[in-house]
Structures are given as structure tokens and as C-alpha cells.
Amino acid sequence: VQLQASGGGLVQAGGSLRLSCAASGRTFSDDAMGWFRQAPGKEREFVAGISWSSVTYYADNMKGRVTISRDNAKNTVYLQMNSLKPEDTAVYYCAARVGGVVSSSPRSYGYWGQGTLVTVSS
């Protein structure tokens, strides 16, 4: 079972990035999927989540700037990020939670990708 995150990179403040998370080894269509991030010296924090039925949830500080979506046919979840700020710089991780219900707690997720680095320059 593997989650492969991609799409990170260096972007200027105000720019956009689209992260992808491709799952393999099992079907995640019945799972909740989440995006988390971790900046140096900080705890991993919830960014966005999407339930098995595509209900979406966002961290308050990300609402209006990010959109999470999923394509079950491709076993892939996406995170579109706009109006990026230097404080968005972090490693972004995708995760899957069996049971289909989104949680903001990283401990609720049993499958994790390796992370993709997003760096936002001022």
C-alpha cells in the first residue's frame, strides 16, 4: 500500500500549486483522504480533508485558498493551493483514513505518503 505525493516546489508569494496524491496497492474510494503539512520545528497540522462521499473540510486558515478533490477512478486526491504565503512553506503529506470520515487528527490516519516540499518565497 502506497501513497505517492507530488507537485511541490518553489513558488513566489501569491502563486499557486496543485499537489497530487496517487494511491496504489488498495482502493481508497471508501476512505477519507486528508492533506497535512509540517513546517520545521512545528507539529503536523491538518490542511484539508475529503470524505468517501466527497464532502470537504478545511482548516480555518486555509479556507478560500485551497480546494481538495478526489478522482476515485484514478485513485488520486488533489490539493489546489492559491494565494500562497511564505508561512505556507512546509512538507505536505497526504493520508488515508479507513472508514470514510474526515478527521483533523493525524493519529486517525493509517496510511501516509512520503511528503512533498512546498516553498513559498516572499
Side-chain angles (χ1 to χ4, degrees):
V1 176
Q2 189 175 23
L3 297 176
Q4 183 73 37
S6 61
L10 175 64
V11 63
Q12 288 188 331
S16 299
L17 282 174
R18 188 193 194 205
L19 307 184
S20 298
C21 176
S24 61
R26 67 184 290 269
T27 299
F28 287 88
S29 58
D30 293 333
D31 297 341
M33 302 296 292
W35 283 98
F36 293 79
R37 68 183 184 183
Q38 188 166 19
K42 295 187 177 181
E43 294 186 350
R44 193 167 297 189
E45 64 174 356
F46 176 78
V47 175
I50 185 166
S51 73
W52 70 273
S53 58
S54 294
V55 177
T56 58
Y57 302 84
Y58 299 99
D60 287 343
N61 61 342
M62 304 302 290
K63 285 180 181 177
R65 298 195 297 124
V66 300
T67 302
I68 188 171
S69 60
R70 65 191 301 163
D71 185 338
N72 288 336
K74 296 182 178 179
N75 228 17
T76 300
V77 64
Y78 305 97
L79 185 71
Q80 177 68 43
M81 303 191 294
N82 301 319
S83 302
L84 285 164
K85 306 174 182 179
E87 51 263 44
D88 294 321
T89 294
V91 177
Y92 284 70
Y93 298 89
C94 62
R97 184 183 192 220
V98 176
V101 178
V102 173
S103 169
S104 62
S105 170
R107 291 174 291 182
S108 298
Y109 292 76
Y111 300 95
W112 288 87
Q114 85 290 358
T116 185
L117 176 63
V118 172
T119 304
V120 184
S121 63
S122 57

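One is the number of the first residue; the rest follow in order along the sequence.
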Sequence-distant partners of Lys63, salt bridge (charged side-chain N to carboxylate O under 4.0 Å, His left out), two or more places apart: Asp60
Within residues 5-115 or reaching into it, pairs that qualify as disulfide (SG to SG under 2.5 Å) - sequence neighbours excluded: Cys21-Cys94
Over all atoms of both residues, closest heavy-atom pair of Lys42 and Gln38: O-NE2, 3.1 Å
Point-to-point distance, once rounded to the nearest 0.5 Å, from CE of Met33 to OG of Ser54: 11.5 Å
Partner of Leu3 by side-chain contact (heavy atoms from CB on, under 4.5 Å), out of Trp112, Phe28, Tyr109: Phe28
Pairs meeting criterion disulfide (SG to SG under 2.5 Å) with involvement of residues 35-73, two or more places apart: none
Within residues 50-91 or reaching into it, pairs that qualify as disulfide (SG to SG under 2.5 Å) - sequence neighbours excluded: none
Polar side chain donor-acceptor pair, Thr27 to Ser29, under 3.5 angstrom: no
Qualifying residues under side chain to side chain contact (heavy atoms under 4.5 Å, CB included), relative to Ser6, sequence neighbours excluded: Ser20
Straight-line distance of Glu45 CD to Asn61 CG, nearest 0.5 Å: 6.0 Å
ring-ring contact (aromatic ring centres under 6.0 Å, His included) partners for Tyr58, two or more places apart: none
Any side-chain heavy-atom pair of Ile68 and Val77 under 4.5 Å: yes
Pair listing, side-chain hydrogen bond (donor to acceptor under 3.5 Å, both in side chains) test, anchored in residues 113-122, at least two apart: none
Set of residues satisfying ring-ring contact (aromatic ring centres under 6.0 Å, His included) with respect to Tyr78, sequence neighbours excluded: none
Pairing residues for Asn82 by the side chain to side chain contact (heavy atoms under 4.5 Å, CB included) criterion, not counting sequence neighbours: Ser16, Gln80
By salt bridge (charged side-chain N to carboxylate O under 4.0 Å, His left out) - contacts of Arg26 (at least two apart): Asp31
Pairs where residues 85-102 contributes a residue and the test side-chain hydrogen bond (donor to acceptor under 3.5 Å, both in side chains) is met, not counting sequence neighbours: Arg37-Asp88, Arg37-Tyr92, Arg65-Asp88
Residue pairs fulfilling salt bridge (Lys or Arg N to Asp or Glu O under 4.0 Å) with at least one residue in residues 67-84, sequence neighbours excluded: none
Evaluation steps, side chain to side chain donor-acceptor pair (under 3.5 Å), between Ser105 and Ser103: CA-CA 5 Å; Ser105 170; Ser103 169; 4.8 Å; no
